[in-house]
Amino acid sequence: MRKTLRLGVMGGTFDPVHYGHLVTAEEALVQFNLDRVVFMPTGRPVRKTHRHVSSSEDRYLMTVIATASNPDFEVSRMEVDRPGDTYTVDTMTALRDTYGGRAELFFITGADAVREILTWKDAARFAGLCTFIAATRPGFELDSPAAGPESEARPAVETMEVPALAISSSDIQLRVRERRPLRYLLPEAVASYIHKNGLYGEPLAG
Ligand code: ATP
Ligand code: MG
């Protein structure tokens, strides 16, 4: 009988992807013995509608560039190609339908994001669908996750400590605007993509 695939899904806006995301995915891969991690850039993120988000295609391409050298990482277009709002639970349900019993699903997320996801629409639907792997910084305690208001069902949440938690996409965007250094926060090829395409309000060179 074929072995069950242990499939990690790293969801995010990835605007832009940075070493915090990459370190987290790599740690999850090793600590949870995953076979691969699929990066899943969001289509239209429901929680970030109040601010400008780069095009799905730019975020998808930056994620491809950042993960290209790692044979255990891949990038999915599933959410990017789906019209309308993006809900993590719908993505995980679609993956469950695709793989059936052939894969065990793990959703990798920062500890800050896990509580938001689990208090969202249909939190109880996550129970039994996938295990959450929540990245925390050393010494940081994760509160017990909330379930949906109508249900007692609790999704499984495992925690994992990762370094590099202080890096964030919003800080990188600010650095681009203020012309402060990006080096060592994200792969150089992603920084080059940002500059080449004038992302984050950077005036085009010339
Ligand atoms: P923003 O600054 O806009 O919040 P972000 O850096 O958190 O962006 P997202 O694309 O929103 O990037 O994050 C995707 C996932 O990666 C989320 O689960 C988030 O918690 C996690 N994450 C983000 N930054 C880090 C980091 N430095 N270390 C570990 N996990 C992170
Ligand atoms: Mg964030």
Side-chain angles (χ1 to χ4, degrees), residues 8-32 34 37-67 70 73 75-76 78-80 85-89 91-92 105-120 123 126 130-143 145 155 157-178 180 182 184-187 190-191 193-194 199-201:
V9 177
M10 178 84 200
T13 317
F14 303 130
D15 193 20
V17 63
H18 54 66
Y19 283 135
H21 301 130
L22 296 164
V23 164
T24 299
E26 181 69 16
E27 281 298 309
L29 186 83
V30 173
Q31 291 191 32
F32 291 85
L34 306 180
V37 174
V38 178
F39 284 68
M40 183 74 68
T42 54
R44 181 146 44 105
V46 276
R47 293 165 307 133
K48 291 190 178 173
T49 45
H50 58 285
R51 71 170 205 228
H52 179 76
V53 174
S54 304
S55 75
S56 299
E57 213 54 45
D58 280 335
R59 294 181 293 102
Y60 170 78
L61 284 175
M62 288 190 282
T63 309
V64 169
I65 290 167
T67 55
N70 189 328
F73 288 175
V75 187
S76 170
M78 189 187 257
E79 290 195 356
V80 165
D85 291 340
T86 294
Y87 291 97
T88 306
V89 70
T91 302
M92 298 310 279
L105 304 177
F106 295 83
F107 189 79
I108 306 161
T109 171
D112 60 307
V114 77
R115 298 198 80 229
E116 283 179 57
I117 292 167
L118 293 178
T119 51
W120 265 0
F126 276 113
C130 61
T131 300
F132 284 84
I133 300 176
T136 73
R137 52 168 88 77
F140 178 92
E141 284 291 312
L142 182 74
D143 299 342
V157 180
E158 304 273 358
T159 57
M160 153 185 92
E161 287 189 356
V162 294
L165 265 165
I167 304 174
S168 75
S169 298
S170 33
D171 177 62
I172 290 170
Q173 293 185 15
L174 194 63
R175 282 167 174 269
V176 174
R177 255 193 313 279
E178 296 179 348
R180 286 189 286 128
L182 303 186
Y184 312 129
L185 298 175
L186 77 176
V190 176
Y193 185 97
I194 291 169
L199 301 187
Y200 314 126

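Just follow the structure's listing: the first ligand is 1, and inside any ligand the first atom is 1.
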Which ligand 1 atoms does [X] reach within 4.0 Å, using its non-hydrogen atoms?
| X | result |
| --- | --- |
| F14 | 10 (O) |
| M10 | 15 (C), 16 (O) |
| T24 | 28 (N), 29 (C), 30 (N) |
| D112 | 20 (O) |
| H18 | 6 (O), 24 (N), 25 (C), 27 (N) |
| T109 | 18 (O) |
| G12 | 10 (O), 14 (C) |
| S168 | 2 (O), 6 (O) |

Taking every non-hydrogen atom, the tightest pair across E79 and Y87 =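 Nearest heavy atoms, E79 then Y87: OE2-O, 4.4 Å.
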Exercise: identify the closest heavy-atom pair between D15 and H52 =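 Heavy atoms of D15 and H52 come nearest at OD2-O, 4.3 Å.
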key: Nearest option to atom 14 (C) of ligand 1, as decided by whichever heavy atom of A166, P16, G11, A134 sits closest   =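 Going through A166, P16, G11, A134 one by one, G11 has the nearest heavy atom to atom 14 (C) of ligand 1.
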inquiry  = Using a 3.5 Å distance criterion without hydrogens, assess whether the side chain of R59 forms a donor-acceptor pair with backbone atoms of G43.
reply    =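 The answer is yes, because a donor-acceptor pair under 3.5 Å joins these two groups.
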inquiry  = If you measure every N or O of D171 against every N or O of ligand 1, does any of those distances drop under 3.5 Å?
reply    =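 Among all N and O atoms of D171, none is under 3.5 Å from an N or O of ligand 1.
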query = Looking only at distance, does D15 have an N or O less than 3.5 Å from an N or O of ligand 1?
reply =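 No - when backbone and side-chain N and O of D15 are compared with those of ligand 1, no distance drops under 3.5 Å.
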ask   = With ring centroids as reference points, do F126 and F132 lie under 6.0 angstrom apart?
value =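 Here the rings of F132 and F126 have centres that are less than 6.0 Å from each other.
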ask   = Under 30°, 30 to 60°, or over 60°: which ring-plane class applies to F39 and F14, parallel, tilted or perpendicular?
value =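 Correct class here is tilted.
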query = Going by heavy atoms in the side chains, are R175 and L185 under 4.5 Å from each other?
reply =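 A side-chain contact exists here, since the closest heavy-atom pair is under 4.5 Å.
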